[in-house]
Amino acid sequence: MPAPAAADPTATPSGARTVPIYRGALWVLASLFFIWGFITVINNTLLPHLRSVFDLSYTQTTLIESVWFFAYFVASIPSAKLIERVGYKKSMVYGLLAMAVGALMMIPASMIPSYWVVLVALFVVASGITLLQVAANPYVAVIGPAESAPARLNFVQAFNSMGTTLAPLFGGYLILGRSTGGTSEVGTVLTEAERLADAQSVQLPYLIVAVVLVALAVMIARYKLPDMGAATRRASAADRSGHSLWRHRNLVFGVPAIFIYLIAEIGVSNLFINFISQPEIGDMTHQQASNYLFLLWGGMMVGRFAGAAIMQKVAAEKVLAWFSIGAFVVMMVTVFASGPLAMWSLILVGLFHSIMFPTIFTLGIRGLGPLTEEGSGLLIMAIAGGALVIVQGWLADMYGLQWSFLLTAACELYVLFYALWGCKVTNAEPEARLD
């Protein structure tokens with residue numbers, strides 16, 4: 001029996017034009033999702049590395065990631081304005097080139113070495129990713145019918161998770177595996193010469209990243225992407241009186257849902273290596289722990305591919321509710337258990353986190369019509385919630401790393417609230433589609 005049309009994340013409704021370029025565009029966009037996921041998760045191996053090089057507290061370590069996600073808050077609105085001025089395609093190219101510049105800045109930062117220059121470099125990379133996020137997420141969401149948007153975005157976000165799955169292996173081998181701090185027992189004190197040598201181990205991986213980014217920018221520049229349909233474009237000033245973002249409950253509660261979810265995701269991934277390295281949990285080196293980080297992000301990849309399939313049959317909000325319950329349960333196990341049970345429960349949360357961002361995003365822009373672009377900008381700005389990972393770093397310093405994961409468990413409960421009530425569409429506008 002042939003599969004129903006909805007099973008294809010790139011499918012368009014019966015009677016609509018089915019243009020092959022849309023499917024090709026989806027695969028091109030998947031490469032963008034892959035690369036920004038890959039680069040974001042290099043941070044998970046970079047943070048324990050920098051903690052060793054600069055002898056940082058948990059608060060100082062998580063400040064690095066806070067700066068990264070603060071870029072989403074700063075750059076989201078300018079990104080939306082740039083997209084309005086130059087279009088989606090050029091904006092994606094500019095985003096990739098900005099990321100390449102930031103990656104190259106890591107080389108002089110490691111030669112000095114300077115904690116503050118590292119922060120600036122990572123801010124530049126994150127600003128480029130923000131531009132990609134503002135452009136690519138709504139583009140994928142409106143490339144087909146609204147009812148299959150969650151499945152479609154979960155599909156391309158699975159490639160994002162593929163990048164996040166491979167990044168720990170890349171960073172573990174080229175950063176932690178080539179440094180004294182990464183291959184030593186937890187608590188080893190490095191000499192000044194060892195710190196300097198360790199700092200310079202980031203040069204090769206970030207040079208490789210910069211070259212790949214430039215090559216991808218050239219590919220996007222040469223590829224013909226279909227234009228966004230008129231129904232998705234920003235409403236004119238004259239029409240604004242009849243439209244208001246704040247009349248859409250799914251967006252109003254969706255913005256804090258993204259913000260709060262990011263606190264959970266980033267807190268887990270950034271403190272993962274430090275947590276399972278502890279003697280009472282996994283008792284291993286940071287390099288060894290990075291191999292298990294591969295499993296955390298691998299669970300997200302599997303969950304997104306599975307979620308894209310499940311949502312062809314089950315409403316996205318129901319899937320989101322069940323996944324948030326699962327995430328809450330495994331986080332409570334992580335807090336109160338020890339040894340392998342605590343380690344594997346933390347790994348398992350990756351599976352339950354998998355569908356949360358793309359599903360919340362698509363539920364958040366559902367029914368926005370010509371306000372889709374503005375709503376998307378607000379949802380991407382909410383990714384700045386990851387900056388509050390510094391709160392978990394402070395909790396870890398004050399009360400212990402394991403107890404700090406209670407913050408993560410609390411975040412899962414808000415996602416459950418959003419799935420059960422907050423995502424209900426109110427005052428729906430005409431459906432947004434690509435022409």
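Everything quoted here is computed from the prediction, not taken from an experiment.
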Sequence neighbours excluded and cut-off under 3.5 Å, please list the side-chain donor-acceptor pairs for residues 315-327, or say none.
unit_1	atom_1	unit_2	atom_2	d
S324	OG	L320	O	3.3
S324	OG	A321	O	2.7

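The CG atom of L295 sits 11.0 Å away from atom CG of L348, with the distance rounded to the nearest 0.5 Å. Rounding to the nearest 0.5 angstrom, the gap separating the CG atom in L406 from the OG1 atom in T334 is 10.5 Å. Atom CG of L213 is separated from atom CD1 of I208 by 12.0 Å, given to the nearest 0.5 angstrom. Between the CD1 atom of I258 and the CD1 atom of I360 there is a distance of 5.0 Å, given to the nearest 0.5 Å. Taken to the nearest 0.5 Å, the CD1 atom of I355 stands 11.5 Å off from the OG atom of S161. Atom-to-atom distance recorded for Y414:OH and F259:CZ is 11.5 Å, nearest 0.5 angstrom.
With contacts defined as side-chain heavy-atom distances shorter than 4.5 Å, the pair E280/S338 does not qualify.
Taking both residues in full, the closest heavy atoms of T408 and A264 are given as CG2-CB, 3.7 Å, listed atom of the first, atom of the second, then distance. Closest of all the heavy-atom pairs between M219 and S31 is CE-OG, 3.8 Å. Taking each heavy atom of A103 and V209 in turn, the nearest pair found is CB-CG1, 4.2 Å. Scanning all heavy atoms of the two residues, the minimum distance from G385 to I263 falls at O-CG1, 3.1 Å. Residues W68 and T40 share a closest heavy-atom pair of CZ2-OG1, 3.6 Å. Nearest approach of A217 to L97, heavy atoms of both residues: CB-CD2, 3.9 Å.
Ring-centre distance between F336 and F405: not below the 6.0 Å cut-off. In this structure, W36 has its ring center closer than 6.0 angstrom to the ring center of F33. In this structure, F275 has its ring center no closer than 6.0 Å to that of F272. A ring-centre distance under 6.0 Å is found for F155 and F159. Aromatic pair F417/F253: centroids less than 6.0 angstrom apart.
Side-chain N or O atoms of Q133 include none that pairs as donor or acceptor with a backbone N or O of S76 at under 3.5 Å. Q392 places no side-chain N or O within 3.5 Å of a backbone atom of L388 that could act as its donor or acceptor partner. Put simply, the side chain of K89 gets close to the backbone of Y223: a donor and an acceptor are under 3.5 Å apart. Under a 3.5 Å cut-off, the side chain of N270 and the backbone N or O of V389 do not form any donor-acceptor pair. Y418 places a side-chain N or O within 3.5 Å of a backbone atom of N250 that can act as its donor or acceptor partner.
Applying the side-chain hydrogen bond (donor to acceptor under 3.5 Å, both in side chains) test to Y261 and every residue at least two apart in sequence or in another chain returns E265.
Taking the six-membered ring where the residue is Trp, F38 and F34 present parallel rings, their angle staying beneath 30° rather than reaching 60°.
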key: side-chain contact (heavy atoms from CB on, under 4.5 Å) assessment of F328 paired with L413   = CA-CA 7 Å; F328 176 78; L413 294 179; 3.8 Å; yes
request  = Walk me through it: do L363 and V425 pass the test side-chain contact (heavy atoms from CB on, under 4.5 Å)?
outcome  = CA-CA 8 Å; L363 291 174; V425 176; over 6 Å; no
query = Which is it for L351 and V330 under the side-chain contact (heavy atoms from CB on, under 4.5 Å) test, yes or no, and what are the steps along the way?
reply = CA-CA 10 Å; L351 177 65; V330 297; over 6 Å; no
